[in-house]
Every structure is written in structure tokens, then in C-alpha cells.
Amino acid sequence: MTLTVTNLGISRGGVPVLEGVNFVLSAGDALILRGPNGVGKTTLLRTIAGLQPPLEGSVDGAEDRVAYAAHSDGIKPTLSVTENLTFWASVFGQKGIEAALAAFDLETLADRPGGALSAGQKRRLGLARMIVTGRPIWIFDEPTVSLDTRAVGMFADAVRAHLAGGGSAIIATHIDLGLEGTVLDVTPFKARVRDIFSDEAFL
Amino acid sequence: MIALLIRDMRLAFRAGGGFGLGLAFFLIVTVMVPFSVGPQSELLTTIAPGVLWLGALLACLLSLDRLLALDWEDGSLDLLATAPLPLEAVVTVKALAHWITTGLPLVLLAPVLGVLLNLAGEGYVWLVVSLAVGTPALSVIGTFGAALTVGLKRGGLLLSLLVLPLYVPTLIFGAEVARRGATGMDTATPLLMLAGITAGVIGLLPFASAAVLRVNLR
């Protein structure tokens, strides 16, 4: 049940951004990714989630076990909070959204359309979606954007409960969440400038 | 998969979902044609199958740019790509939802509008049959075009340019079935060709759509 990242090199828009990334994430562990803007945290997370192929190296143990929370929450403005969550639950073959609603204090908003939620409420709904996926590895890309202190607390509690239940999490963030976990600063893995072959080489 | 189908249909039917856009366009085109052609019922009878097919095709085209672009913009597509559903299933379901909300209503509305165009009596059955067999291909081909242009802002023009040539065979054989039916000729050959095109694109294009979508999501 471990996620192993070996000598991973990734690129964004054809330009290598990170290389030589190694880590092992076991059940019950959290990995906090840090690093300045543009260093490649999002690209790293998307690669682990399987949305883009790595330049080199490998990611093992991620397939069909990862739930990914991106910058945007994928909320449909014309569907209610319940309908949005129920949809994602059934896509992942799960039932029951009450626990997720309760974890992020969304019960009172359950019938409100997604378009009428505030930015923080949308984010809470996007994070609640992770609970209904039932996947063991949670990947968050700056989960606390537009959340207030209380909601950050809810988020930290939800992640703690997930870790206690044998899950694991990778979180890219700039703030201290109060979670125990390995901190990985990705700055040292910044890719050196190299000659990559491009189509121009043929011209 | 059923959850995705229900969600897409629900989104289409709710406010701002675009259901009715294609239907309204189809209605406008077929109502306006008799005015522009003039009061010659024989001429209208002649052109009715072709006009109805062209109207249905353009109405289908109208809603294609929303097919995947909305899910791309709000990030749902990324999340769907990491879900247990294979992308091939996602694009197939999305094409099906598009057909149910766009193609199927056109099939049902077409005979009513045929009256306005003085369609010959024998033509109604064949018009409905040809549209029912042909419009699924329009949705599937359109999904492929939408997948190709998903990351582009204002990709609608490029989408139309890519998709319209692919629509030509369906249009030719679909309108031919309706025309032959209306004039009492044998419809078997064009109908089989039309069914063959539809079966072929349903079998092949979802894989192509999923492949280009994977590239576009990177």
C-alpha cells in the first residue's frame, strides 16, 4: 500500500522543471510539498495522479488509488451541493455523502446550487469530494486557498482522520496546516538546463 | 457511467444548459425556408428532405463546443480522468448524452416541421428513420472534434472546420434516404451506408477521442 516515486523527472510545456525526485509514501503518512511558485509542485502532483506522463523515472502504486484535488473544484453551478457530491460518489462507486457533508460543515448548504456558493464554500465542497472517492491516496494542490481558519481546521481534521484510517496524503501548500508529516522542499530538485531534442532539430 | 449520463442530461435541461438551442435553431431554419423560397409547394416538396437534414446537422453542430469545454473550464475533466471510468467510456457517455438532448429531440420534431416544408406523404417515415440512424454519428463525430479543441479558447470555429467535412458522408446518405423515401424509390442502399457510417464511428471514434483528450489534458 505504498506509493513509490523513483528518480522522477517531469516537464511542463516541454521544459523540464524537476528531476531526480525520490520518495516513498506509506499508509498513514502525509507528505507536505513546499517550494516557491512555478517550481513544479502542480506538475509533480499531476504526474503522480497520472494526468501526464513522466519525462523519466517512475511512479509506482498510484494507479486507481489516487484522488486528486486540483486548483479548480469541478463544481457544476446548476447542480446542488448534494447532487454534485452524489455524482462524484457514484463515479467512484461509493455510496453515502453524509460523512463528507458533516466533515466540512456543508449540511446547511446541501440544497444550495453550486453557483450560489462563496469561494470558500466551493473549496469546502471540492475537499469534501475527496472523502466520497474512497481512494487511499489523497493529493491536494494548495487546498487551503480561500479557506478561513475554521475551515482550515476542518480540512486538517479530515486529513488526520484519513491518515488514521490507513490512508495517505500528498499536500502542496504554503501554510502550516498543523499536520504531522514529512516535509519535502522540491527546490533542490529543480531541473538543470539541458538540451532536449525538439522538432526544431529536424529543421 | 449512468451517473455521468444523468448528470450531463440534468445539466443540459437546467437553466443555461443549452437544451432547446439546437431545437430552436432547427425550428427557425425550417420555418424560414418557405418564406425565402416563395409559395411554390412543388419546389418545397423537392427540397424538403435536404433542408430538414441540413437543418438538423447544423443544429447538432451548434451545441458541440459546450460538450467538453465546460467540464474542462471548471476542472471536472481532470477529475474525471483520475476517476475509475476509462476516458473512452467518458466520451461515449458524453456523446450519448449529447444525442439524447440534441439528436433525439430533432428526430422527434422533424416530422412536424416536414409539414411546413410540404414533405411528401411517403417521406415522413424515411425522414425519421434516416435521422434516427444518422444523428448518433453526428454526436460521436462532434465529441471527437470537441476533444481535439478542448483546450482552446474560442475553439468553436476550428471545431466547425474540423467536424463539418467529417459530417459530409452522413449528410449525403442521410438526405438521400429521406429523398428517395419521399419519391417512393428504394432506400436500402443509402440506408445501409448510413447505418454503416454510424456503426463505424461509434466503434472507432471514442478511442480516438479519448486519446486526443489524454494529450490535451497534459
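Reckoned from all heavy atoms, side chains included, excluding hydrogens, waters and symmetry mates. Every chain is numbered from 1, with letters handed out A, B, ... down the list of sequences.
Using cut-offs of 30° and 60° for the angle between ring planes, the A:Phe92 and A:Trp88 rings count as tilted.
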Exercise. Should A:Asp141 and A:Lys41 be marked as a salt bridge (charged side-chain N to carboxylate O under 4.0 Å, His left out) after you check the CA-CA gap, both sets of side-chain angles, and the distance that decides it?
Worked result: CA-CA 8 Å; A:Asp141 197 353; A:Lys41 297 186 294 295; over 6 Å; no
Problem set entry | side chain to side chain contact (heavy atoms under 4.5 Å, CB included) between A:Ile10 and A:Val17, intermediate numbers included | CA-CA 6 Å; A:Ile10 53 171; A:Val17 283; 3.8 Å; yes
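Taking the side chain to side chain contact (heavy atoms under 4.5 Å, CB included) definition, one finds that B:Ser139 meets it with B:His98, B:Trp99, sequence neighbours left out. Residues that satisfy the side chain to side chain donor-acceptor pair (under 3.5 Å) test with B:Asn216, not counting sequence neighbours, are absent from this structure. In this structure, the salt bridge (Lys or Arg N to Asp or Glu O under 4.0 Å) partners of B:Lys94, at least two apart in sequence or on a different chain, are B:Asp8, B:Asp71.
Atoms CZ and CH2, from B:Phe173 and B:Trp53 in turn, are 11.5 Å apart once rounded to the nearest 0.5 Å.
Residue with the most contacts toward chain B among A:Glu63, A:Lys76, A:His71, A:Gln52: A:Lys76 (heavy-atom pairs, distance under 4.5 Å). Contact count versus chain B (heavy atoms, under 4.5 Å) is highest, among A:Asp64, A:Leu79, A:Thr133, for A:Leu79. Among B:Leu4, B:Ile6, B:Val215, B:Ile2, the residue with the largest count of heavy-atom pairs under 4.5 Å with chain A is B:Leu4.
Chain A is approached within less than 4.5 Å, heavy atom to heavy atom, by B:Ser76, B:Asp78, B:Leu79, B:Leu80, B:Ala81, B:Thr82, B:Ala83, B:Pro84 from residues 76-91 of chain B, ordered by number.
The contact between A:Val66 and chain B is made entirely by backbone atoms, counting heavy-atom distances below 4.5 Å. Neither the backbone nor the side chain of A:Asn84 comes within contact range of chain B, judged by heavy atoms closer than 4.5 Å. Within the 4.5 angstrom heavy-atom criterion, no atom of A:Arg12 approaches chain B.
With contacts defined as side-chain heavy-atom distances shorter than 4.5 Å, the pair B:Thr143/B:Leu205 does not qualify.
A donor-acceptor pair shorter than 3.5 Å can be found between the side chains of A:Glu142 and A:His174.
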